[in-house]
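Inspection log for the structure reproduced underneath, given as structure tokens.
So that the names make sense, note that chain A is the first sequence line, chain B the second, and so on, each numbered from 1.
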There are 2 protein chains.
Amino acid sequence: MATRTDAPTRREQILKEAARLFAERGFHGVGVDEIGAAVGISGPGLYRHFAGKDAMLAELLVGISGQLLTGAKLRLKEAAAAGGEDGTAPETVLDSLIEGHIDFALDDRPLITLHDRELDRLRESDRKLVRQLQRQYVELWVDVLRKVYPALAEPAARSAVHSVFGLLNSTPHLGRRGALPGRGATAELLHRMARGAFAAAGSPARA
Amino acid sequence: MATRTDAPTRREQILKEAARLFAERGFHGVGVDEIGAAVGISGPGLYRHFAGKDAMLAELLVGISGQLLTGAKLRLKEAAAAGGEDGTAPETVLDSLIEGHIDFALDDRPLITLHDRELDRLRESDRKLVRQLQRQYVELWVDVLRKVYPALAEPAARSAVHSVFGLLNSTPHLGRRGALPGRGATAELLHRMARGAFAAAGSPARA
DNA sequence: CCTCCAGGTTAACGACCGCTAACCTCCCTG
DNA sequence: CAGGGAGGTTAGCGGTCGTTAACCTGGAGG
């Protein structure tokens, strides 16, 4: 995950601004002129970089899903490598997944917003691809979760994962009104709550 | 909360279908002709019932926020009445709030979707009203939550509430792919997870 | 039976928006 | 220094969409 140090390309500028605008006002609520203006060029100049407005959204959504998935796979691999004989404790792997998702949710709020909001605006093929990536990501979480809580049935585990995604992806609703002290505290709170939610899902016993 | 038995008025039909369509394809992604077609009339016939497309969205969003808030207030009042001298246990009140929110999230998924997705499409005045109702609703939860977990600071409590809303509002993402057995089981799972998340937020102690 | 209005209809206008066409400049390279 | 491509520009076309206008109709009320 070598942190980029070189200047962002024009394409990347456009994608970033488009993501922000799409998240703020919705895909159909933003015109190409606005996107162009946000990067200092105007209107149809965008077509030197993208085939069309749809292509920008597609690249954003595929990028998000892919990034989440490959990040998670990487973390699994690291855990397997560091764990020696019989792998790392499942709890540790789950924590790693949660941490990765939180980092993404806090660093790229517009993308997180787009991720579950504008999927249906894609052409059939792109939508299928994104959904497939999303499904893989979910299944990966489900597997780890069921190692931590073996009593959890698969459908319930899948629901639990989706619900925790909802919890972690709530970050866009937090800011705005002088919410939490800092990023670290927010991340830690979210992490604790996710673990708490999973624990409650995994052990039906309650007074 | 006397359950309606009489037939829905045309206005209500329109609102219901509009909510579904807006949730599926976004406010700007749906045309008035489509909304009309969904209730058997076509296009501009809608203007006999609403001043415009914006008015439908406004009525939907104000209705949602209002319904959530008044429902919650009612539950608080019931709890106070049933609790005798020093009120019901805060835990019970919190459970009641959670239950109410889950009922709404499961029964009116399209509305839940709209609720945090299309707020910015409203005119200034309507948006302010909706935000005010939402804020009251949140503050009501925060108050109850901090009675259950007095160690929880107010900003953290507010964040926790928003996050649990994210968790509970994840219901639209559940269905579709043969998820959970039934509504009852889903509701119970969500409830346990919400309590677990709150508990984890309220007591920072962890091994 | 006449009236009238609630609740429709179709036609059409005006605005907006995505996209293309045609043209203009640097700047890099042989 | 010729030239050519990368990356802009503005003008404008074609389609869509929200909204209005003008007209129609069935049924309730005097």
Under 4.0 angstrom, heavy atoms only, what part of the nucleic acid is [X] near: base, sugar-phosphate, or nothing?
| X | answer |
| --- | --- |
| A:Gly31 | sugar-phosphate |
| A:Val30 | sugar-phosphate |
| B:Gly52 | sugar-phosphate |

Where the side chain of [X] is defined as all heavy atoms beyond and including C-beta, which of [options] is the nearest nucleotide?
| X | options | value |
| --- | --- | --- |
| A:Ile41 | C:dG8, D:dT9, C:dC19 | D:dT9 |
| B:Arg48 | C:dG18, D:dG8, C:dG7 | C:dG7 |
| A:Val32 | C:dG18, D:dT20, D:dG8 | C:dG18 |
| A:Pro44 | D:dG18, D:dT9, C:dT20 | C:dT20 |

### Query
Is the distance between the ring centroids of B:Phe165 and B:His101 less than 6.0 Å?
yes
Return the value, rounded to whole Å, for the distance between atom [atom1] of [X] and atom [atom2] of [N].
| X | N | atom1 | atom2 | result |
| --- | --- | --- | --- | --- |
| A:Leu57 | C:dC17 | CG | C1' | 17 Å |
| A:Arg121 | C:dC17 | CZ | C1' | 17 Å |
| A:Asp33 | D:dA11 | CG | P | 13 Å |
| A:Gln13 | D:dG7 | CD | P | 12 Å |
| A:Lys53 | C:dC19 | NZ | P | 8 Å |
| A:Tyr47 | C:dA21 | OH | C1' | 14 Å |
| B:Leu46 | D:dT20 | CG | C1' | 14 Å |
| A:Ile14 | D:dA6 | CD1 | C1' | 13 Å |

### Task
Look at the side-chain N and O atoms of B:His49 and state whether any lies under 4.0 Å from the OP1 or OP2 oxygen of C:dG8.
yes
#### Entry: B:Arg10 vs C:dG8: side-chain N/O to OP1/OP2 distance below 4.0 Å
yes
#### Entry: Point-to-point distance, once rounded to the nearest 0.5 Å, from CG of B:Leu97 to OH of B:Tyr137
6.5 Å
### Query
For DNA chain C, whose closest nucleotide is more 5', that of A:Ala51 or that of A:Gly29?
A:Gly29
Would you call [X] and [Y] a salt bridge, taking side-chain N to carboxylate O under 4.0 Å as the test?
| X | Y | answer |
| --- | --- | --- |
| A:Asp126 | A:Arg121 | no |
| B:Asp107 | B:Arg183 | yes |
| A:Glu78 | A:Arg75 | no |

